[in-house]
Trainee: 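Okay, here's the structure, questions in a sec.
Quick note: numbers below take in every heavy atom, side chains included, and nothing from hydrogens, waters or symmetry partners. Here the structure is a predicted model, which is why all the values come from computation and not from measurement. Numbered from 1 within each chain, the chains take letters A, B, ... in sequence-line order.
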Number of protein chains: 2
Amino acid sequence: MAGFKGHAEYSVDSKGRVAIPAKMRSALNPDANSTFTMTRGFDKCVFLYPLDRWKEMEEEIGSLSTYDREARAFTRRIMMWADEVTLDSQGRISLTKQLVEFAGIKDKAMILGAFDRIEIWDPEAFEAYLNEESADYETLAEKVMGM
Amino acid sequence: MAGFKGHAEYSVDSKGRVAIPAKMRSALNPDANSTFTMTRGFDKCVFLYPLDRWKEMEEEIGSLSTYDREARAFTRRIMMWADEVTLDSQGRISLTKQLVEFAGIKDKAMILGAFDRIEIWDPEAFEAYLNEESADYETLAEKVMGM
DNA sequence: TGGCGAGTGGGGAAAAGTGGGGAACTCACC
DNA sequence: GGTGAGTTCCCCACTTTTCCCCACTCGCCA
């Protein structure tokens, strides 16, 4: 299964709906059933996991202990924001008010392919994130990939 | 079986009833028979375990030794608060006075999906919990999931 | 230049949440 | 044993939100 690639700035209509770029839709595994689980991302954005990938995540979460304080805190934080959404016949999903608010999304959204997930950002917030990241692309590559 | 997800602030009516969000109801295993065992949670909230999951919990509790002082204390504390509740035809449950009082719930309740259980908080108490947790989401994720 | 696929927008039906009325049941007190 | 107050439970009705479907426009490709 190919990873999600590319980026696009789309509009968010008055009902909180955003289109998912056709390229990303076609990269969806049929197992995902046109369905995503969307949750609060790391950094100020929304993560969109295809259903099949999310199932794997749930297994990890399910293996955490209820009796461990930090595990409880993490489980609450990831699950409370989660919501299952299905593409409508136009290839859109509707964002929940809660996540729209969290990510500071207004009438435009930046849709980002990020390998195993899709990310949705407020365009300005994304711009700001790119600027504030101290390390540039080349430096990051060195650090992360150990080149 | 998918875990419970999402969060919502709902009202508690004069009869102590709270609606369970439709999304969480549909995540219920049919085996649970629209029934929960509700008990005092860890942290200042109420835990709501679907019947099928609660059965597993009871097995764990049952396997504890009667001869161990702490096991006895734990068994008492978890069982003394437990009560079985069933959804009414409107998808609501009624909270017992004891648990309402314990969790400090007034006329509003925060309903939280927390994977294998549903949690019910007083909205202010939940806010306070989120603030007092020192670690932020990203740090927690790193620690707990080792990402 | 016509057709198809992609993105955008809105209207109507159905479902979800909220609140209250009334029957049945319990318990206490006369 | 009967009466009455207090609970509990079940059902009905209203309001708001959500979801599903249809219609339009724009741009690309044949």
Trainee: Could you tell me whether B:Lys143 and A:Glu70 have a side-chain N and a carboxylate O separated by less than 4.0 Å?
Mentor: yes
Trainee: Please report, rounded to the nearest Å, how far the C1' atom of D:dC9 is from the CG atom of B:Asp13.
Mentor: 13 Å
Trainee: Starting the side chain at C-beta, find the nucleotide from C:dT8, D:dC19, C:dT18 nearest to B:Tyr10.
Mentor: C:dT18
Trainee: Between the side chains of A:Glu58 and A:Lys55, is the shortest nitrogen-to-carboxylate-oxygen separation below 4.0 Å, so that they form an ion pair?
Mentor: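 No salt bridge links A:Lys55 with A:Glu58.
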Trainee: Which nucleotide sits closest to the side chain of B:Arg25: C:dA6, C:dG17, C:dG9?
Mentor: C:dG17
Trainee: Quick one: A:Glu84 CD to D:dC19 C1', roughly how many Å, whole number?
Mentor: 15 Å
Trainee: May I have the distance from A:Ile111 (atom CD1) to C:dA6 (atom P), rounded to whole angstrom?
Mentor: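 The distance from CD1 of A:Ile111 to P of C:dA6 comes to 16 Å, rounded to the nearest Å.
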Trainee: How many Å lie between NZ on B:Lys15 and P on D:dC9, as a whole number?
Mentor: 11 Å
Trainee: Please state whether the base of C:dG7 and the side chain of A:Arg17 form at least one donor-acceptor pair under 3.5 Å?
Mentor: no
Trainee: Less than 4.5 Å apart, side chain to side chain, heavy atoms only: is that true for B:Phe36 and B:Trp54?
Mentor: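 They are not in side-chain contact.
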Trainee: By nearest heavy atom, map A:Ala22 and B:Lys23 onto DNA chain C; which one lands nearer the 5' end?
Mentor: A:Ala22
Trainee: Please report, rounded to the nearest Å, how far the P atom of C:dG17 is from the CE atom of B:Met24.
Mentor: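 Roughly 10 Å, once rounded to whole Å.
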Trainee: Answer yes if the side chains of A:Thr86 and A:Ser34 hold a donor-acceptor pair under 3.5 Å, and no otherwise.
Mentor: no
Trainee: Would you kindly compare B:Val12 and A:Ser11 by the position of their nearest DNA chain C nucleotide and give the one closer to the 5′ end?
Mentor: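 Upstream on the strand: A:Ser11.
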Trainee: Name the nucleic acid region contacted by B:Ile20, choosing base, sugar-phosphate or nothing; use a 4.0 angstrom heavy-atom cut-off, strictly under.
Mentor: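 Result for B:Ile20 = sugar-phosphate.
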Trainee: Among D:dC10, C:dA6, C:dT8, which nucleotide sits nearest the side chain of A:Ala19?
Mentor: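 Nearest to the side chain of A:Ala19 among the choices is C:dT8.
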Trainee: Taking A:Asp13's backbone N and O only, do any of them form a donor-acceptor pair with A:Ser11's side chain (distance below 3.5 Å, no angle check)?
Mentor: no
Trainee: Do B:Arg40 and B:Phe47 have side chains that approach each other closer than 4.5 Å (heavy atoms only, starting at C-beta)?
Mentor: no
Trainee: Using a 4.0 Å cut-off on heavy atoms, which residues in residues 85-107 of chain B reach DNA chain C? List them by number, or say none.
Mentor: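 Here the set is B:Gln90, B:Arg92.
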Trainee: Checking the side chain of B:Arg72 only, and the main-chain atoms of B:Thr66 only, is there a donor and an acceptor separated by less than 3.5 Å?
Mentor: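 Yes, the answer is positive, given that a donor and an acceptor are paired below the 3.5 Å cut-off.
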Trainee: Ignoring the backbone of A:Pro21, work out which of C:dG7, C:dG10, C:dG21 is nearest its side chain.
Mentor: C:dG7
